[in-house]
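One structure is given below, encoded as structure tokens.
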Amino acid sequence: MQILACVKRVPMVGGRIAVTDDGQDVDTRMSGFTVSPHEECAVEEAVQIAERLGGSVCVLTLGPPEAADQLRDMLALGAGRAVLLETDGAEWGPIATAEAITEVARRGAGGPDGGYDLLLFGNEAADTGDYQVAVRVAHALGLPCVTGIKKLEILTGDGEQGGDGDGGDGGDGGGGGGGGARARARREYRGTEEVFDLPLPAVVSVKEGINLPRYPSLPGRLRAKRAEIERRRPDWRGEGLRKERLRVPEGEQKTAQILGTGADAVPALVQLLDELGLLP
Amino acid sequence: VTVLCLVERDGDDVADVSLRALTLARGLAESSGEELAAAMFWPPATVPAGVLAALGAFGVADAYAIESERLTGYAPQAWARALAQLITISRATAVAAAGTDRGSEVMAHLGAITGLPVAANCAAASRTSPATCQLVRHRWAGSLLEDAVLEASPALLTVAVDAVAAVPVPAAAAARVLPHHPELGEADLLVCGTESAERSAGVSLATARVVVGGGRGVGGPEGFGPLEELAGLLGAAVGVSRVVTSQGWRPHKQQVGQTGTRISPELYLACGISGAIQHMAGCLSARHIVAVNTDPDAPIISHADYAVIGDVSQVIPALVAALRARSGSA
């Protein structure tokens, strides 16, 4: 099972978010960067699948040279290979990003016809929330795609995942995947679950909650520190959606009325609940 | 020429998120003197009169009811293919959908099929020239706004789910049903969802009237006992912050926030939660927020209506005891 997992480097924002003076970026002078949450889960899911079925995980990002830090974090989780599509720091739109990722995906995982069996993405990046890079890559590669997934099973045909193994002829040996392998993907829909069954290779975007990303081991971190990161420089291009400026929404600051301190505040709290009509 | 809006179903009604999306789409249509049309996956013969009245009340003139015998459930690419055909039929200059899982997914497919950009999570949209829209869109789930220009025809956009209120038009006639039978290829039908019958039990976090929230300040998995007890007394759901789920203290389905569930209760009682923007993005629709926190300078205090300065492990058991005493004496 050869898996490509795509991640995005985003600012680590805490209790407040501020914008640079030119209104073009989030002010990151007081914060660090991290991998967008859904995407960290995509990498964890990829690593778990490779651990279970054999194969390897390549982690990919498009971002400034410093995004190598985030790739090393993902190598420490267990990815085997890392590719950085290096930019000059300008923001890339989803169309151009998908094109650059598609080109890497087409080159495959190595070997004569070693394409990826599974391409995993985060459902939407924490910062821009465009919700479309995975779908655009799927269309460019002619692969089936489903998004927003909270549970993913890989059915290799020889029933390796303890699924019902309805995939036909089975995988292509030790690596799993190959002919007949399928993915069964689930997501929430209006208080129920929606189930999708799709043939591999496929593109799947996942949401946080699909797994709990592991804390990287010390050997994993040491290996990640030494690992080579493959770098390429795709050409930026503009697209039809153009950012003018970013701004923080107004009028959200409130002054809370202090009901009291510690357990002494309880009578005031009970009275408030009563006034709001929330007591049974 | 029209602005076309994807309308999702909620049983035999129009989903509330779609009424909000229609409100934004109508504003866009009015800014360029166009008509508002709806597209819904609903066999034409079975569309209730009440739905056509509701769509009319939100300014829809034509409602395209899409039906195909090959389309038995939700199929994202097939839905997008049908919308792509309706762009031509309705001469749409814009297509909008609510920024739900389905709406966002279908619009992404439509963007890929047409090669056009998709502006996600818009809070406002108006036309400045035939092929240009001025937009405000959400970033960081609404913690940040982006002023943006979309130069594309048709303009494709999703509407941030909690950004626009549903506003009907004063006097309106019922919408007219126009059947549409899309031409679908094999690839369009390769991915098709089936709904499982099982429903989750208990008070739903998304729709609960009261939510008792717990964060790092709860101290650990065992600290949630009193919060559970309080939730039981109030008929409330328990919600948690991201740190609580990433520590594995509670399951992710209880997470409130950008990467969890969005809540809109009458009251959100946030216990030991600092108020990171990732969390606040999930609870800004709460009518009242009460924060219990040891730190009077915690960010949550500036989002709260009321605050108790104190330790959750003292305040919540005392509140539980007071409520029990009250119901015992009543």
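Note on naming: letters A, B, ... go to the chains in the order of the sequence lines (proteins, then strands), and numbering restarts at 1 for each one.
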Task: Closest non-hydrogen atom pair, Ala256(A) against Ile301(B) - done: CB-O, 3.5 Å
- [ ] Measure distances from Val210(B) to the heavy atoms of chain A and classify the residue's part below 4.5 Å as side chain, backbone, both or neither.
- [x] side chain
Open item on the list: Heavy-atom pairs under 4.5 Å with chain B - which of Val135(A), Leu198(A), Val270(A) has more of them than the others?
Closed with: Val135(A)
Open item on the list: If I take atom OG1 from residue Thr128(A) and atom CH2 from residue Trp140(B), how far apart are they, to the nearest 0.5 angstrom?
Closed with: 9.0 Å
Task: Nearest heavy atoms of Gly277(A) and Arg209(B), plus distance in Å - done: O-NH2, 3.5 Å
- [ ] Against chain A, work out which of Ala322(B), Pro296(B), Ser274(B), Cys192(B) has the most heavy-atom pairs shorter than 4.5 Å and name it.
- [x] Cys192(B)
- [ ] Against chain A, work out which of Ala120(B), Ser104(B), Gly260(B), Ala281(B) has the most heavy-atom pairs shorter than 4.5 Å and name it.
- [x] Ser104(B)
TODO: Against chain A, work out which of Leu267(B), Val292(B), Thr259(B), Ile300(B) has the most heavy-atom pairs shorter than 4.5 Å and name it.
DONE: Thr259(B)
Open item on the list: Need one label for Asp274(A): side chain, backbone, both or neither, based on atoms under 4.5 Å from any heavy atom in chain B.
Closed with: side chain
TODO: Taking all heavy atoms of Ile17(A) and all of Ser143(B), pick out the closest pair and write down the distance.
DONE: CG2-O, 3.6 Å
Open item on the list: Given heavy-atom pairs under 4.5 angstrom as the criterion, report whether the side chain, backbone, both or neither of Ile95(A) touches chain B.
Closed with: side chain
Open item on the list: Side chains of Gln132(A) and Glu105(B) only: does a donor on one sit below 3.5 Å from an acceptor on the other?
Closed with: no
Open item on the list: Regarding Glu208(A) and Lys253(B), does a basic nitrogen lie under 4.0 Å from an acidic carboxylate oxygen?
Closed with: no
- [ ] Nearest 0.5 Å please: distance from the CG atom of Asp311(B) over to the OG1 atom of Thr261(A).
- [x] 12.5 Å
Task: Arg186(A) versus chain B, the contacting section by heavy-atom distance below 4.5 Å - done: neither
Task: side-chain contact (heavy atoms from CB on, under 4.5 Å), paired with Tyr306(B), selected from Ile258(A), Leu269(A), Leu272(A) - done: Leu272(A)
- [ ] Heavy atoms only: give me the nearest Pro249(A)-Gly142(B) pair and the separation to one decimal.
- [x] CG-O, 3.5 Å
Open item on the list: Can you tell whether the side chains of Asp130(A) and Arg137(B) come within less than 4.0 Å, N to carboxylate O?
Closed with: yes
Task: chain A contact via Leu135(B) - which portion, at a heavy-atom distance below 4.5 Å - done: side chain
Task: Segment of Ile210(A) engaging chain B (4.5 angstrom heavy-atom cut-off) - done: neither
Open item on the list: Whether Glu146(B) and Arg245(A) form a salt bridge (side-chain N of Lys/Arg under 4.0 Å from carboxylate O of Asp/Glu) is what I want to check.
Closed with: no
Open item on the list: Counting only non-hydrogen atoms closer than 4.5 Å, does Val290(B) touch chain A with its backbone (N, CA, C, O), its side chain (CB onward), both, or neither?
Closed with: side chain
Open item on the list: When you compare the side chain of Leu234(B) with that of Leu279(A), does any pair of heavy atoms fall below 4.5 Å?
Closed with: yes
Open item on the list: Could you report the tightest heavy-atom contact between Pro280(A) and Leu233(B), atom names first, then the distance?
Closed with: CG-O, 3.4 Å
Open item on the list: Can you tell me which portion of Val26(A) sits under 4.5 Å from chain B's heavy atoms? Options are side chain, backbone, both or neither.
Closed with: side chain
Task: Beyond-backbone contact of Leu276(A) with Glu266(B), side-chain heavy atoms, under 4.5 angstrom - done: no
Open item on the list: Pair Leu278(A), His288(B) - check side chain to side chain contact (heavy atoms under 4.5 Å, CB included), show working.
Closed with: CA-CA 12 Å; Leu278(A) 299 173; His288(B) 303 281; over 6 Å; no
- [ ] Quick one: which of Ala155(B), Ser246(B), Ala131(B), Ala152(B) has the most heavy-atom pairs under 4.5 Å with chain A, could you say?
- [x] Ser246(B)
Task: Any donor-acceptor N/O pair, Arg242(A) side chain to Ala148(B) backbone, under 3.5 Å - done: no
TODO: Against chain B, work out which of Pro37(A), Gly148(A), Ala98(A) has the most heavy-atom pairs shorter than 4.5 Å and name it.
DONE: Pro37(A)
Open item on the list: Less than 4.0 angstrom from a charged side-chain N to a carboxylate O is my criterion; do Glu194(A) and Arg102(B) meet it?
Closed with: yes
TODO: For side chain to side chain contact (heavy atoms under 4.5 Å, CB included), just list the numbers for His109(B) and His139(A), CA-CA rounded to whole Å, side-chain angles, deciding distance to a tenth of an Å, and then say yes or no.
DONE: CA-CA 8 Å; His109(B) 279 280; His139(A) 276 260; 2.7 Å; yes
Task: Rounded distance (nearest 0.5 Å) linking atom CG of Leu246(A) with atom CG of Asp147(B) - done: 8.5 Å
Open item on the list: I'd like to know which of Ala15(B), Ala307(B), Ala276(B), Gly310(B) tops the heavy-atom pair count under 4.5 Å against chain A.
Closed with: Ala307(B)
Open item on the list: What part of Val133(A) gets within 4.5 angstrom of chain B, counting heavy atoms only: side chain, backbone, both, or neither?
Closed with: neither
Open item on the list: As an exercise, state the distance from SG of Cys133(B) to CG of Leu241(A), rounded to the nearest 0.5 Å.
Closed with: 10.5 Å
Task: Asp305(B) portion near chain A, given a 4.5 angstrom heavy-atom threshold - done: both
Task: Option that, when pairs with chain B are counted at under 4.5 Å, heavy atom only, ranks first among Val248(A), Val10(A), Val137(A), Val13(A) - done: Val13(A)
Task: Contact origin within Ala187(B) toward chain A - heavy atom pairs under 4.5 Å - done: neither
TODO: Output yes when Asp10(B) and Arg190(A) qualify as a salt bridge under the 4.0 Å nitrogen-oxygen rule, no when they do not.
DONE: yes
Task: Nearest-0.5 Å distance, CG of residue Leu259(A) to CD1 of residue Ile309(B) - done: 9.5 Å
Task: Verdict with reasoning, Lys243(A) to Arg139(B), per side chain to side chain contact (heavy atoms under 4.5 Å, CB included) - done: CA-CA 11 Å; Lys243(A) 168 178 72 180; Arg139(B) 289 195 177 206; 3.8 Å; yes
Task: Which atom of Pro117(B) lies closest to which atom of Gly240(A), heavy atoms considered - done: CG-CA, 3.9 Å
- [ ] Could you tell me which portion of Leu323(B) (side chain, backbone, both or neither) has an atom closer than 4.5 angstrom to a non-hydrogen atom of chain A?
- [x] side chain
Task: Max heavy-atom pair count under 4.5 Å with chain A, selected residue of His138(B), Gln134(B), Arg287(B), Met280(B) - done: Gln134(B)
Open item on the list: Only pairs of heavy atoms separated by less than 4.5 Å count here; which of Gly260(A), Pro213(A), Pro144(A) has the most with chain B?
Closed with: Gly260(A)
Task: Check: Pro199(A) and Leu190(B) side chains under 4.5 Å, non-hydrogen atoms - done: yes
Task: Which of Glu239(A), Glu188(A), Lys150(A), His38(A) touches chain B most, by non-hydrogen pairs under 4.5 Å - done: His38(A)
TODO: Dump the intermediate steps for side chain to side chain contact (heavy atoms under 4.5 Å, CB included) on Leu145(B) and Glu250(A), then the final yes or no.
DONE: CA-CA 10 Å; Leu145(B) 301 177; Glu250(A) 286 165 21; over 6 Å; no
Task: Heavy-atom pair count under 4.5 Å with chain B, highest-scoring of Gly23(A), Ala185(A), Ala265(A), Gly14(A) - done: Gly14(A)
TODO: State whether Asp101(B) and Lys207(A) are salt-bridged, where the test is any N-O pair (Lys NZ or Arg NE/NH1/NH2 against Asp/Glu carboxylate O) under 4.0 Å.
DONE: yes
Task: Inter-residue atom distance Gln258(B).CD - Glu124(A).CD, 0.5 Å rounding - done: 7.0 Å
